[in-house]
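First comes the structure, then the notes that go with it.
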Amino acid sequence: MDYMPEEFDIDFFRDTGFMRKQCISCSSYFWTLDSEKKTCGDPACESYSFIGNSPVYRKYTIDEMREEFIKFFQNDSEFRHKFIPAYPVVPRWRDDVLLVNASIYDFQPQVTSGLVPPPGNPIVMSQPSIRMLDLDLVGKTGRHLTTFEMLCHDAFNYEDKFVYWKNETIRYSFRFLTERLKVDKNLITYKEKPWFGGGNAGNAVEVFVRGLEVATLVFMDLKEDPNGDVEIEGTKYSHMPLRVVDTGYGLERLVWLSAATSTIYDAIYDKTINFLIENSKAKKINDKIMAKISEISAVIDPYSEEKVMNEVKKFMESKKMEYNEDFIKQLKFLREVYSLADHTKTLLLMFSDYVIPSNVKVGYLARTLIRRSFRFIDDIGFKYDLEKLLEFQYGEFKNIIPRFDEKFISDIIKIEREKYNAVNQSSFNIVKKFIKDDDLPLDSIIRLYESYGINEDLISDIYHQITGKTLIIPDNFHELIIKNKEIGRKETKKQLTFPDIKTRPLYYDNTKILEFTANVLYSCDKKIILNQTAFYPEGGGQPYDLGYFIYNGKRINVLNVQKYGDSIVHFLDSDIPEHSRIKGVVDYNRRHQLMIHHSATHLLLGVMRSYFGDHVWQSGVKKDVNESRLDITHYKKITEEDIKNIEDLCFRAIEDGKTIRVTNEKWNTALDKYGFRLFEGGVPVSKTIRVVTIQDIDSEGCGGTHLDNTSEIHFIKIIKTETLQEGIQRVTFAAGPAALRYVQKLYNIIKAEQEYMRVDEDKIADQSKKYIEELISLRKTYDDQSREITKNIINNPEKINNINVYNIENYTNIKLLISALQKFNQESIVINRLQNEVIIYIISGQASSITDSLISLIKNNGIEPDRVTKSHGICIMNVNNIKNTDILLDSIKKVKS
RNA sequence: GGGCCGAUAGAUCAGCGGUAGAUCGCCUGCUUUGCAAGCAGGAGGGCUCGGGUUCAAAUCCCGAUCGGUCCA
């Protein structure tokens, strides 16, 4: 990217008298009205100067500041911005990220790619965002949060419609700060900075006031393109026809600036902090110390606990304050209080989108926050539980948290508390096992973390409890873990390329079209593309259709159908030349069964949501001919009773004959109408969304083929439920003819079992139980008798040469005999004559070693053992060709011990 | 989706080729005014399931099932 001065050579800067300077500390270019200013505004170059000295004319709360910002951009006559309510924090409209990280995420990729128009232009909104990356720093640096609201005023400039660009954006930010917050214009600095991320790039300016970054104004006009003419840090970009103004103001930062407190937490969570302090061991700490920590932390980047605490110590000593154990403990408590305020707000946002804590993906992030919260609550001795704190926080942030589903949250917290306690309890014993001679090597620590999920803090806690020593865990512990893993690379499918030919999908016109004629527009290596087709290509969890084409009177089978862009490609068992006109026939039975399973899937999902609760989302789906499966988010195991109830509810909906309707709707109107539930089955890459609605039950964006009425499903039978991962239940089921076949299969199994057992079908379970119990009791009797027999054998040995010899035949319970003999400290030899071989066991007691001489004696007699194994004072010889064991007995007679 | 762990008495786990074990809990008795505790005795096991290796498998190998956990 060129850093030409003209990038920001805008009317507003010129007219207002801004000067472009270069920072003496970091060499960045920045714009200021202050002729004395030498640094760029970044705290790394000049540190905070707003704490205790607010540049804002009054103190704002979060709600007040949000209102101030939105109203300014909504109502100012110069440009009226449309207000857009916040999107959920879980971005169901895209699958490349787990959480909304910034306001622009709401419009990626559909709007930013130009495919879908924005919901307004220009727009203003406040988007709650979650960033888990710096989780460890929350509470420590005075500024890090996992949740913040990103205020933005965004404009989308198309080739045929210009809204506004750099000049207006920067002027607006200046006007907001100076007119509304009444910040002295000399305190505002704009620092130039290139910006890139998510496949896009552009110029940007960061806005600083007294050392605090309050906003970033991004001018996105580049997209990643290997043939592009602009290069930034090794990646090539090209100019986009759509230029996006993407601004991000930190709402909490602005509130902090106005309150000028020592930490951001004190500015935004003051009530929650007081609530926590009043009900725990934590206390407030001198403001000057906390302000100092925030200031140092802003300068030391990356953060280092050691460096920061050294500075704090120096500072306190210079002020004649005592830096001691008690202070360190109190600081830890206060940081935990700050973290609790932060974590619980993040959790409320996650819970309002029904995130279920688990061991994977976004659920794992939620669990991390929950477990940290439990730890902090226990540590500071908070009088109430996490649920109570969440309730308190909801009272504080009602305006931005869409809902508080009490039953869901209470269930989740209860389950998570139990799991957390169980993990803590077992962790002690597990860690103990790994400690050898007061030592716990790094390998073991990694294993404890990866296999048992015990975090490094807990490991070092337990280590300290057991050994009294301090365990050193490397700073880059998490990096080591990632490096430790082999990066499992997905084998990328060989990307087939086809010419860009549009195929008209007849299955959308009418699902009952099964025979059609078409022109072959492209043919290559048994793959053809037609002008139109009734064959459904694989997609949306629905497999492709099968069938055949008739060409020249010959029947050519369809093996596979796939969609590439707008082309539908048929894979055949032999070639059809281009420009042919052919007839296609779709396999009706297969298609019909797939349609039944597809519609049944939607019905089942709708029914399960109303049965279990609104937290039920589709997380995966696969339809097939014999059975289909649907994965849902749900935090409990599905019981047999649930299965029965769900089947009954489905049956009722089938009986009622609910209509199934397909409509095509514009992106934004569909979203307004149905919300983000539309994207359960995946996100369509198109201007319009095809919405499949089952009357009163479910609406979903879906590209599949469906029945017209639920009555055509006939009935649904659930075959199996299982926990796929924590928080995700898989339901395997069959519908229509497949369900009938399944029931018939079960009937045959039961019938066979019934005939075998010779009882009525309802007695099969009782009867098998009886048989198993009988078997167990017989085995016991057998074991007892074997013991008795063994005892008899041992008591009646043949004494040869002072050695106990047991010459026995076909003895099966050899284990009992040998182990009993081992207990005596006497030489014994067991000769067990089996069908095809003789096995000789020499149990040589404690001191003696007769085995070697016995082996050589046997060999002298012309007997070659097929195998000799020695272990634990036993020698075992397998001899295959031996008729008479007398030779063995003779050899024993000659042995000298 | 990939990796790593695990499944043994009611609970927590030990055993890791040779008779199925410990602790807590449970039952009975003794001691005690009673409780807690102590002493003595006792009951309680398809060693998750299915194959394989072995003279011999809870133990080793391969599957399946269920669970834990870390990383995408």
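Note that these values count all heavy atoms, side chains included, but never hydrogens, waters or copies made by symmetry. By convention in this document, chain letters (A, B, ...) are assigned in the order of the sequence lines, proteins followed by strands, and residues within each chain are numbered from 1.
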Once you round it to whole Å, what is the distance between P of C70(B) and CD1 of Ile446(A)? 15 Å

In whole Å, measure the gap between the P atoms of G1(B) and A43(B) for me. 49 Å

Does a side chain donor of either Tyr449(A) or Asn455(A) reach within less than 3.5 Å of an acceptor in the other side chain? no

In whole Å, I'd like the distance from the CG atom of Leu834(A) to the P atom of A56(B). 9 Å

Assuming nearest nucleotide by heavy-atom distance, tell me which of Thr721(A) and Lys433(A) is located more 5' along RNA chain B. Lys433(A)

Using Watson-Crick or G-U wobble geometry with both distances under 3.5 Å, which nucleotide pairs with G34(B)? none

Taking C47(B) as the reference, what is the distance to C60(B) when you measure between their P atoms (whole Å, please)? 16 Å

Would you mind checking if Asp642(A) and Lys636(A) are paired as a salt bridge, meaning a charged N to carboxylate O distance below 4.0 Å? no

For G25(B), the nucleotide meeting Watson-Crick or G-U wobble distances (both under 3.5 Å) is none

If I pick the C1' atom on A40(B) and the same atom on A57(B), what distance separates them, to the nearest angstrom? 37 Å

Once rounded to the nearest 0.5 Å, what's the spacing between atom CD1 of Ile413(A) and atom CZ of Phe408(A)? 9.5 Å

Can you tell me how far C1' in U32(B) sits from the matching atom in G44(B), rounded to whole Å? 29 Å

Determine, for Arg741(A) against Glu627(A), whether the closest basic-nitrogen to carboxylate-oxygen distance falls under 4.0 angstrom. no

In whole angstrom, give the distance that lies between atom CG of Asn429(A) and atom P of U23(B). 16 Å

Output the rounded distance in Å from CZ (Phe434(A)) to P (C4(B)). 15 Å

If pairing requires Watson-Crick or G-U wobble contacts with both distances under 3.5 Å, which nucleotide is the partner of C16(B)? none

For Thr146(A) and Asp342(A), what are the C-alpha separation, side-chain angles and deciding distance, and is it a side-chain hydrogen bond (donor to acceptor under 3.5 Å, both in side chains)? CA-CA 7 Å; Thr146(A) 56; Asp342(A) 167 85; 2.6 Å; yes

Under a 3.5 Å cut-off for both contacts, is C4(B) paired Watson-Crick or G-U wobble with anything, and if yes, with which nucleotide? G68(B)

Taking atom C1' in both G10(B) and G18(B), what distance in whole Å separates the two? 30 Å

In whole angstrom, what separates Leu365(A)'s CG from A72(B)'s C1'? 12 Å

With the side chain of Lys720(A) defined as its heavy atoms from C-beta on, choose the nearest nucleotide among A57(B), C66(B), C13(B). C66(B)

A22(B) and C39(B): how far apart are their P atoms, nearest whole angstrom? 16 Å

Provide the distance between the two P atoms, one in U48(B) and one in G6(B), to the nearest whole Å. 13 Å

What's the CD1-P distance between Ile430(A) and U12(B), to the nearest Å? 12 Å

Report which part of the nucleic acid Ile776(A) touches: base, sugar-phosphate, or nothing (heavy-atom distance under 4.0 Å, all strands). base

I want to confirm an ordering. Mapping Leu724(A) and Asn832(A) to their closest nucleotides on RNA chain B, which one lands closer to the 5' end? Leu724(A)

Interatomic distance, Leu98(A) CG vs G1(B) P [rounded to whole Å]: 16 Å

Write down the distance separating the P atoms in C62(B) and G3(B), rounded off to the nearest Å. 14 Å

Identify the nucleotide, in any strand shown, that forms a Watson-Crick or G-U wobble pair with A58(B), with both distances under 3.5 Å; if there is none, say none. none

Looking at A58(B), I'd like to know if its phosphate oxygens (OP1 or OP2) sit under 4.0 Å from a side-chain N or O belonging to Lys815(A). yes

Produce the list of close N/O pairs, under 3.5 Å, pairing protein atoms with atoms of nucleotides 67-69 of chain B; give distances to one decimal.
residue	atom	partner	partner atom	Å
G67(B)	OP1	Thr723(A)	OG1	3.4
G68(B)	OP1	Lys419(A)	NZ	3.4
G68(B)	N2	Ser451(A)	O	2.8
U69(B)	OP2	Glu726(A)	OE1	3.3
U69(B)	O2'	Glu450(A)	O	2.5
U69(B)	O2'	Gly453(A)	N	3.3

Please report the distance, rounded to the nearest Å, between CD1 in Ile794(A) and P in G18(B). 17 Å

Ring of Phe733(A), cation from Arg629(A) - is the NZ or CZ under 6.0 Å from the centre and inside 45° of the axis? no

Side chain of Lys432(A), base of U12(B): donor and acceptor closer than 3.5 Å? no

Do Trp93(A) and Phe676(A) have ring centres separated by under 6.0 Å? yes

Any chance the side chains of Tyr771(A) and Gln767(A) put a donor and an acceptor closer than 3.5 Å? yes

Check whether Phe434(A) forms a cation-pi arrangement with Arg447(A) (NZ or CZ under 6.0 Å from the six-membered ring centre, at most 45° off the ring normal). no

Could you check whether Leu775(A) gets within reach of a base, just the sugar-phosphate, or nothing at all, counting any heavy atom under 4.0 Å? nothing

